[in-house]
Amino acid sequence: QTATKPLSVVLIPADGGTESGTIADYQPVFNAITRSTGVRFDLKVAQSYGAVVEAMCGGRADVAFMGPVTYLQAQKRGCAKLLAVGVENGQSVYYAGFFARKEAPFKSVKDLRGKRVAFGDVNSASSFVFPMAMVIEAGLDPVRDLGEIRMAGSHVNSLAALVQGRVDAAALSFDSYEKAVRQGAVDPKKFKVIAKSSPIPYPPIAVNSRMAPKLQAKLRAAFADIAHAPGMTPEMIRGYGGKRIDGYDVKFPASKFNVAASRMALVDDDLKSRILTKSASR
Amino acid sequence: MDAPAISFRNIGKRYPDGTRALDDVSLDVPRGQFCVLLGPSGAGKSTLLRMANRLAEPTEGRVLIEGRDLTLRTVKPIRRRIGMIHQSFNLVGRLSVASNIMTGALPALGPTRVLTGLFPETLKTKACMLAASVGLGPPHMSRRADSLSGGQQQRVGIARAFMLDPAIVLADEPVASLDPRISTDILGLIRDQARVRGATVLCSLHQIELARAFADRIVALRHGRLVFDGTPADLDRSAIRAIYGEAGPVPIASGGLAA
Amino acid sequence: MDAPAISFRNIGKRYPDGTRALDDVSLDVPRGQFCVLLGPSGAGKSTLLRMANRLAEPTEGRVLIEGRDLTLRTVKPIRRRIGMIHQSFNLVGRLSVASNIMTGALPALGPTRVLTGLFPETLKTKACMLAASVGLGPPHMSRRADSLSGGQQQRVGIARAFMLDPAIVLADEPVASLDPRISTDILGLIRDQARVRGATVLCSLHQIELARAFADRIVALRHGRLVFDGTPADLDRSAIRAIYGEAGPVPIASGGLAA
Amino acid sequence: MNSTAAWHYPSPFGTRTVAIVIAALALLWITGQRVEIGRMISMTGEAALAAVGLIPESEVADGFSAVAGKLFPLQISTSTEVSRIENFDPANLPLFAHIETVETTTQALNPDTLEMEPRAERTTVLVEPVGYLVHVAAKMLETLEIALWGTVIAILIGFPLALGAARNITHSPALRGLAGAAISLLRSIPEMISALFLVIAYGFGPIAGILALAFYGAGYLGKVYGEDMEGLDPRPQEALAAGGATMLAQLRWAVLPQAMPRFIAAALYVLDRNMRMATVIGIVGAGGIGQELKGRYDMYDYGHVGTILVVIFLVVFLLDRAAAHLRRAAL
Amino acid sequence: MNSTAAWHYPSPFGTRTVAIVIAALALLWITGQRVEIGRMISMTGEAALAAVGLIPESEVADGFSAVAGKLFPLQISTSTEVSRIENFDPANLPLFAHIETVETTTQALNPDTLEMEPRAERTTVLVEPVGYLVHVAAKMLETLEIALWGTVIAILIGFPLALGAARNITHSPALRGLAGAAISLLRSIPEMISALFLVIAYGFGPIAGILALAFYGAGYLGKVYGEDMEGLDPRPQEALAAGGATMLAQLRWAVLPQAMPRFIAAALYVLDRNMRMATVIGIVGAGGIGQELKGRYDMYDYGHVGTILVVIFLVVFLLDRAAAHLRRAAL
Ligand SMILES: Nc1ncnc2c1ncn2[C@@H]1O[C@H](COP(=O)(O)OP(=O)(O)OP(=O)(O)O)[C@@H](O)[C@H]1O
Ligand SMILES: Nc1ncnc2c1ncn2[C@@H]1O[C@H](COP(=O)(O)OP(=O)(O)OP(=O)(O)O)[C@@H](O)[C@H]1O
Ligand SMILES: [Mg+2]
Ligand SMILES: [Mg+2]
């Protein structure tokens with residue numbers, strides 16, 4: 001890549017966000033990096049995890065902000081390398097969980113046996129992979145033991161199904177739930193968290209593994225020093241979900257994503273296709 | 001009951017594109033009269049006929065049918081008393097001949113029959129008899145109207161107009177596409193119908209001979225104005241010249257009759 | 001060059017729905033002849049005419065134009081030499097009169113002119129002259145064809161047929177919707193054209209008088225079979241009865257001529 | 001004439017018609033049970049009764065009012081934290097904008113206690129009173145541009161295909177079959193799917209969206225234009241053919257003049273359909289208002305969703321009027 | 001006759017036409033630059049050149065072949081680990097099925113070392129040679145049922161609206177305006193969005209999908225049926241009106257017989273469009289093949305995606321043939 005052709009950056013709003021909102025979150029960061037390195041960027045937003053993996057592997061995207069599961073899929077195919085992960089209060093994790101109505105008698109994931117449960121997108125760490133792993137770790141076979149599986153497509157639809165009483169429990173990220181409460185879409189007094197997932201690594205920023213190592217190093221340095229880049233204010237440093245973060249960790253060990261990988265290994269392709277089949281039956 | 005069947009009062013018509021089709025035409029057609037309308041092509045014959053049932057609206061003057069003003073409110077009941085034969089037949093090409101004839105009876109039928117197409121036997125018989133009287137036999141009845149020859153289509157249109165025994169018949173060149181034999185048969189049929197039932201006929205024609213043979217009265221338009229009004233006997237060579245212009249109809253003038 | 005202009009050899013036609021329109025018709029029309037086709041409505045006149053340029057395909061027999069067999073391969077060049085006047089006019093209603101007349105010249109124009117509608121001046125002049133000769137003036141030229149009266153539309157169709165100076169003219173009731181004056185003008189025009197250019201005319205008509213006045217030769221169909229072939233002088237009362245059936249044309253029989 | 005023969009009035013429908021009608025009803029009955037049409041009717045009925053107050057509540061009515069109610073009030077302003085605006089210059093505000101200081105209390109879920117906890121924040125925001133409307137309008141314009149080009153390309157591909165598939169233009173059955181298959185192929189791939197593939201081929205951006213819309217639109221126009229041309233009054237074309245005019249001449253002077261009003265209507269339909277479809281395929285990264293809509297929905301900003309829906313309605317409505325106008329002028 | 005006057009041949013186009021054409025071209029030029037049409041053409045051109053081997057490679061061609069190539073070979077069999085099948089009875093296998101033992105090496109994460117380790121596994125699987133095809137066919141049937149009912153309801157709502165909006169049926173401009181607005185409203189809400197709301201109101205299952213399809217379809221049919229009725233030859237209807245026939249009679253005996261082929265074509269178009277749309281709205285939980293398609297895409301199972309696309313194409317193609325047949329019979 002020469003300096004004349006901007007690097008193509010693809011952003012996925014991890015649990016929902018608008019095109020302009022997501023760009024507004026990241027534009028200042030990338031602008032700062034342009035100022036410090038001279039590398040220019042062309043930011044695009046996509047909402048399909050699969051399309052971004054294919055874009056990375058097809059060389060159509062140079063940099064991507066993607067969900068942890070997506071990152072791992074791309075990495076497994078040898079297309080992506082970790083660049084940086086946002087840090088907030090020294091941590092780079094978020095949580096997902098199962099939500100239910102306050103009066104529901106569920107106390108743990110085990111109690112979901114025979115119940116109707118909604119999940120989000122099949123490639124989403126927080127609304128599918130981690131919650132599904134929780135079900136398996138609780139000793140249940142998702143297909144055999146859950147009453148009904150609803151693949152609602154997104155965090156919002158998963159929660160909406162719960163709110164409307166179409167399911168007994170819904171899997172989504174805490175972040176998305178907070179947004180719903182803030183926007184008055186749900187009344188927090190009526191719902192509770194049944195179980196919390198293990199910490200999920202932040203959605204990372206990854207580079208195409210075909211990118212020249214020198215350029216990768218240049219970007220890595222720039223991200224590490226983002227807080228001191230010219231023209232940056234602390235408020236402009238944003239990360240997952242548009243939240244304010246302290247900075248980017250470029251030394252984040254890729255092995256920390258193994259937690260996610262282990263969860264992914266639990267939810268293998270065979271299981272996924274059985275879940276798909278079950279969710280489609282009625 | 002002495003109001004004329006059709007009464008045009010100072011009718012004028014200018015089409016939206018500026019064409020002036022009629023100009024101050026006044027004409028009373030008494031009940032029971034067989035009145036033939038002559039005039040060169042484009043003289044305004046079709047336009048005048050179409051005003052008698054408000055298919056065309058006059059831009060000046062007014063029309064009275066049996067003494068009643070023809071307005072938006074009265075048009076429905078008045079139209080039921082009028083049968084019209086259209087110059088371009090206006091059949092529903094995709095329907096059968098039988099259905100096309102039957103559409104003439106629709107105004108007399110209730111919504112159920114209209115929707116289901118289950119017509120009373122009497123009307124079916126009538127449709128068949130009318131078809132026969134214009135020379136269309138049973139094999140034609142279930143054929144599609146658009147597979148008929150020009151003259152056959154015109155005859156379907158004529159049968160349709162008589163389904164409800166109209167008190168007034170408006171006929172726009174009813175025999176233009178017909179051979180002389182059927183032409184006379186059909187004009188005879190229309191005249192007989194009218195005589196028997198006391199119906200009024202206003203009929204545009206191009207054939208002067210037929211007009212002379214059938215009309216009680218002949219009127220003629222030229223350039224949208226009434227230029228002749230008289231009995232068949234009054235229609236002499238100079239009158240014809242006044243209607244059609246200088247040369248007069250050539251077949252007569254150039255010795256067509258002598259052949 | 002002594003092959004007849006049009007030659008029908010043992011033509012038969014059965015429509016897909018089973019209607020038998022023509023039955024073993026053989027007819028040679030020599031070059032330069034003005035041949036009139038008579039026959040009652042539904043006799044098969046239109047069908048026969050439409051076979052001369054293969055708009056209808058014979059189910060039996062074959063058609064030769066100027067000695068050449070009319071096949072799928074030869075039809076294009078042959079059609080260019082033929083001008084046709086259609087019984088139902090077949091104008092493009094949404095186009096202007098000028099454009100409709102001009103469509104008659106399209107076969108002679110290259111694709112660029114066809115696409116852009118930029119026609120050569122000579123053709124424009126010709127279109128205007130033809131319009132004038134059928135009695136349509138400049139104010140009609142830019143009007144939409146579907147806003148014309150029936151007779152005016154028929155005249156546009158006639159002008160269109162002459163745009164390319166056809167060697168053969170097929171005319172299907174060209175004057176059905178026209179008044180007697182214009183009828184004779186137009187048949188005169190067709191005859192003159194034919195005489196001057198040595199063109200052949202095959203023309204179906206319903207008016208026996210006009211047939212007598214203009215034809216070099218008269219042929220007649222009845223129920224799809226040729227029942228008469230002779231000069232106008234041969235067309236006597238008994239011939240007419242053979243063509244149209246028992247009663248014969250009434251206007252003549254009932255003293256129409258005497259009026 | 002023969003009066004017994006005259007009695008022959010054809011019967012309005014044959015046993016074949018009756019059999020077909022019965023078969024169709026049976027099919028509807030069986031499939032209707034499988035897709036729970038009965039439940040749909042009873043639920044809708046309940047909602048209707050609840051709406052007029054005859055019964056106290058209905059699931060459907062509740063569900064509707066729960067969501068639909070939240071669409072209002074529409075959101076038309078924007079407020080942006082000034083600290084997030086690069087090179088913010090308080091002396092040089094955008095038109096109509098002003099600065100406010102707001103104190104907000106937000107709720108956050110504490111991962112340890114699993115309880116919601118309030119947190120107070122004080123921020124300076126730039127308020128633009130019609131900022132969101134302007135933003136939506138800009139996105140809408142982009143959507144319209146995508147839809148417009150999707151339509152233009154659809155016509156460029158679809159019209160030749162239609163010519164190939166129309167019985168009265170193309171006489172060779174082989175060619176017609178080929179064109180028909182191409183049309184079916186273009187129409188059989190859901191835009192959503194072709195957009196996903198096109199994004200991979202052309203990269204993220206409007207091109208993939210335009211092509212996805214254009215491919216499907218080409219299939220639609222190929223089909224509709226073809227059928228329109230076949231359904232015309234054949235006589236004017238026949239008159240031209242009778243004179244020996246080429247197919248091109250027949251097309252230009254008999255087919256097109258007659259078909260134009262329908263062609264225009266179909267193209268405008270594709271345009272407005274593209275506009276709405278852009279809201280779906282925009283999601284894969286093809287620009288336009290789609291992501292805005294999906295994103296706002298995912299962020300529970302129902303007021304924003306309401307604004308977008310109203311704007312889409314207005315644009316569709318105006319397009320409809322314009323289309324009706326054009327059609328009538330061409331009629 | 002007067003030969004100077006005869007020289008008056010109207011000019012083919014006026015300055016107004018020329019001005020409109022120039023304005024349209026300018027619009028296309030400007031918007032074309034905004035949506036990168038130039039880039040689209042050059043990329044597509046490159047791909048075409050690459051395809052015929054004139055240039056070594058093109059991004060687009062690579063991207064296409066990367067994805068499209070993966071659609072093949074189509075996946076038509078299923079294999080299920082027998083250990084995951086409840087009450088598996090090896091003596092009583094499904095039709096055509098057989099049992100295989102496969103040895104696979106998978107990479108698994110060792111929870112202790114947190115390293116990926118290869119692990120050989122030996123599993124017994126039940127192979128159904130056309131199992132996936134059967135599954136897709138069953139889903140397709142369900143999709144067709146949803147599409148069918150979406151179409152039936154669309155006709156039931158759309159036809160009355162079309163009557164209300166058609167100039168030659170409804171004479172009152174107020175009523176026409178009302179019907180027109182309802183049609184615009186129905187057409188302006190993207191199915192995706194109305195499906196989201198309807199799922200909340202009616203619950204998961206086909207009802208929400210059917211209604212979402214039906215609402216939009218009703219808008220489409222309202223528009224198209226209305227325009228079709230307005231575009232008919234007015235003379236047969238005029239003939240009936242001239243005799244004093246009611247509007248109902250005119251509709252049943254002049255309008256419908258003429259419009260039927262178009263009506264059938266439009267309804268069949270809605271049917272096949274619904275079928276494809278079901279692949280999009282199915283995603284929100286409305287049944288049909290949509291979730292299967294989206295899910296397989298998200299799982300990178302392109303062989304499965306290929307199978308689904310081929311099945312959709314076949315169904316669209318067959319529907320097309322059936323539609324053409326019906327239309328021709330009605331013509
Ligand atoms: N497309 C068609 N399908 C079936 N039958 C047809 C078709 N066209 C014409 N016919 C039938 O063929 C016969 C001859 O028709 P044709 O149009 O040639 O008659 P014609 O002599 O021109 O009559 P007219 O003087 O009434 O125009 C008629 O009985 C007619 O009904
Ligand atoms: N819809 C219309 N718009 C504009 N002008 C029209 C329309 N209909 C008829 N005209 C014009 O009005 C004049 C009278 O037409 P009309 O149809 O009444 O003539 P006509 O006497 O019936 O002629 P023909 O014997 O040829 O049928 C003609 O010049 C015609 O061109
Ligand atoms: Mg007239
Ligand atoms: Mg004929």
Side-chain angles (χ1 to χ4, degrees), chain B residues 49-56 65 72 74-96 99-117 119 144-146 153 156-157 160-164 166-170 172, chain E residues 1-2 5 8 10 14 16 155-156 159-160 163 166-176 225 228-266 325-331:
Chain B
L49 282 170
R50 291 163 57 83
M51 277 181 184
N53 59 359
R54 216 182 161 89
L55 285 183
I65 300 297
L72 221 58
T74 58
V75 70
K76 264 268 165 67
I78 286 178
R79 279 182 176 174
R80 294 200 189 182
R81 302 179 50 72
I82 302 179
M84 185 162 203
I85 300 162
H86 299 261
Q87 184 171 12
S88 45
F89 322 148
N90 299 11
L91 305 184
V92 187
R94 297 163 28 71
L95 289 184
S96 68
S99 299
N100 265 290
I101 296 179
M102 192 57 88
T103 59
L106 289 176
L109 295 173
T112 327
R113 288 196 185 272
V114 164
L115 279 179
T116 56
F119 301 112
R144 269 173 63 150
D146 55 10
Q153 291 191 30
V156 174
R160 173 176 68 184
F162 282 96
M163 275 302 286
L164 288 186
I168 297 174
V169 177
L170 303 171
D172 198 357
Chain E
M1 301 192 183
N2 185 336
H8 174 95
R16 193 155 154 270
I155 295 174
L156 293 180
F159 183 62
L163 294 181
R167 212 159 260 271
N168 54 336
I169 308 285
T170 303
H171 296 312
S172 142
L175 266 179
R176 274 212 309 275
Y225 281 6
D228 280 351
M229 289 192 278
E230 283 184 358
L232 296 176
D233 179 358
R235 292 175 303 177
Q237 196 192 346
E238 192 185 84
L240 263 66
T246 57
M247 192 45 86
L248 182 75
Q250 291 172 39
L251 193 65
R252 167 71 177 79
W253 293 95
V255 175
L256 282 191
Q258 286 190 83
M260 214 25 113
R262 285 172 190 286
F263 279 11
I264 290 175
H325 209 81
L326 259 176
R327 257 187 75 243
R328 213 143 280 147
L331 218 63

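The sequence lines fix the lettering, A, B, ..., with proteins before strands; numbering per chain opens at 1.
Residue contact with chain B, scored on non-hydrogen atoms closer than 4.5 Å, involves the side chain of E/Leu240 exclusively. In this structure, no portion of B/Arg54 lies under 4.5 Å from any heavy atom of chain E. Heavy atoms of B/Arg81 lying under 4.5 Å from chain E are absent altogether. Only the side chain of B/Leu95 comes within less than 4.5 Å of a heavy atom in chain E; its backbone stays farther off.
Chosen from E/Ala242, E/Pro234, E/Ala254, E/Ala241, the residue pairing most often with chain B at heavy-atom distances under 4.5 Å is E/Ala242. With respect to chain E, the highest number of heavy-atom pairs below 4.5 Å among B/Arg160, B/Met102, B/Arg80 belongs to B/Arg80.
At least one side-chain heavy atom of B/Leu115 sits less than 4.5 Å from a side-chain heavy atom of E/Leu248.
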May I have the step-by-step check of side-chain contact (heavy atoms from CB on, under 4.5 Å) for E/Gln258 and E/Gln237, ending in yes or no?
CA-CA 10 Å; E/Gln258 286 190 83; E/Gln237 196 192 346; 5.5 Å; no
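With sequence neighbours excluded, the residues forming a side-chain contact (heavy atoms from CB on, under 4.5 Å) with E/Arg262 are D/Asp228, D/Arg262, E/Asp228, listed by chain and number. The ring pair (Phe, Tyr, Trp, His ring centres under 6.0 Å) check on E/Tyr225 picks up E/Phe263, with sequence neighbours excluded.
Judged by distance alone, with hydrogens and angles left aside, the side-chain atoms of B/Arg50 form no donor-acceptor pair with the main-chain N or O of B/Ala56 at under 3.5 Å.
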